[in-house]
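These notes concern the structure reproduced below.
Counting starts at 1 for both ligands and their atoms, following the listed order. Predicted, not measured: the structure shown is a model, and the values here were computed from it.
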Amino acid sequence: MAEKHIQGKIVAVCGKGGVGKTAFTTMLTRVLRDDPETGRLLVVDADPAMGLLYALGVDTSRSIGAVREKILEAAEKGTAGEKAEVAEQLDYLILNALQEAEGFSYLAMGHMNAKGCFCSVNDLLHDSLAQLVNQFDTILIDGEAGIEQINRQVTDHVNTLLLVTDSSFRGQQTVKTIEKLVADGYVPACERMGVVLNRIPGDESSNKDLKKVFNLPVYGFIPFDSEVEQFDRRGESLMKLPEGNAALRAVRATIAAVNASER
Ligand SMILES: Nc1ncnc2c1ncn2[C@@H]1O[C@H](COP(=O)(O)OP(=O)(O)OP(=O)(O)O)[C@@H](O)[C@H]1O
Ligand SMILES: [Mg+2]
């Protein structure tokens, strides 16, 4: 596997609410799943709203947040024996939150901050999660709007950060804000960071001005796609999009652009 390829690495998808992070992550999953270079693929939903499972067509309600609740409960009410038992079971509980799907594994973070900051519990989880993540070759993370969440909860390290925006001014501004957070060292630097334009009406040539807005490389141009819109409207998994779908084609081109880029 080429060292700088997106496959075999940790890829995080961020951007303003509603710009299409989940749709894009799902289409990335679809393309990467079918690529032998990807190896073992883990897809992580880092958004507490946990919407990714519908787009992926995964059937589970388990999450790391639920494991965390269980530990907290034992810590608050449990006897010493019960506490020790939960601590011993931690790796098992986390493994149990993992859902096997067709050609990839899925993990939802769920609500992690529901009961304030319990740093020791978060540290425990963090270590167990790190071990789990290590067992995979390619890790795809569907984030919330900010990137801090991802770093705190899922991994300390991101290789490729993809900032998704639609054509809206506020979407563009969020990309710039995240870029600045990374530049100012609020989160560990990622090796590679670029923009993915999504749900853009019209073709690439009629949107040249949009590409010029960013200081970052623009890796992807995903058009507005009525099939994506209809699948989501019906609650049908985007993993079932037909092979020739235009948005999927654009996602393949995006991966190629990332892989061709310098780090
Ligand atoms: N390329 C596209 N073409 C058409 N519709 C799209 C496209 N990408 C996303 N959408 C639609 O835009 C809406 C928002 O997408 P999505 O849920 O993926 O955004 P999100 O960034 O994950 O939102 P949130 O911040 O709430 O998690 C959905 O209805 C989805 O079907
Ligand atoms: Mg989402």
- request: Assess Thr22: does it contribute an N, O or S atom lying under 2.8 Å from the Mg ion (ligand 2)?
  value: yes

field: Region of Thr22 that comes within reach of ligand 1 [heavy atoms, distance under 4.0 Å]
entry: both

- request: Among Leu42, Val11, Val43, Asn134, find the one that has a side chain to side chain contact (heavy atoms under 4.5 Å, CB included) with Ile139.
  value: Leu42

query: Would you call Glu243-Arg249 a salt bridge at under 4.0 Å N-O?
result: no

Just distance, no hydrogens or angles: give the donor-acceptor pairs under 3.5 Å from side chains in residues 231-239, sequence neighbours left out.
from, atom 1, to, atom 2, distance (Å)
Arg233, NE, Glu229, OE2, 3.3
Arg233, NH2, Glu229, OE1, 3.3
Arg233, NH2, Glu229, OE2, 2.7
Arg234, NE, Glu236, OE1, 2.9
Arg234, NH2, Glu236, OE1, 3.4
Ser237, OG, Ala55, O, 2.8
Ser237, OG, Leu56, O, 3.4
Ser237, OG, Met239, N, 3.0

message: Just to be sure I read this right, does ligand 1 sit under 4.0 Å from the backbone of Ala247, its side chain, both, or neither, counting only heavy atoms?
response: neither

message: I'd like to know if Glu102 pairs up with Arg33 as an ion pair, taking the criterion as any Lys NZ or Arg NE/NH1/NH2 lying under 4.0 Å from an Asp or Glu carboxylate oxygen.
response: no

Non-hydrogen atom of Pro223 closer than 4.0 Å to ligand 1: yes

query: Between Ser105 and Glu100, does any side-chain donor sit less than 3.5 Å from a side-chain acceptor?
result: yes

- prompt: Side chain or backbone of Asn198 under 4.0 Å from ligand 1, or both, or neither, by non-hydrogen atoms?
  reply: side chain

query: Does any N/O atom on Ile222 come nearer than 3.5 Å to any N/O atom on ligand 1?
result: no

- request: Check whether more than 12 heavy atoms from other residues, nucleotides or ligands sit under 6.0 Å from atom CD of Gln230, and answer yes or no.
  value: yes

query: Applying a 4.0 Å heavy-atom criterion (strictly less than), which segment of Asp47 is in contact with ligand 1: side chain, backbone, both, or neither?
result: side chain

task: Could you tell me whether some N/O pair between Gly20 and ligand 1 is separated by less than 3.5 angstrom?
output: yes

message: Does ligand 1 come near enough to Gly17 that some N or O of the ligand is less than 3.5 Å from an N or O of the residue?
response: no

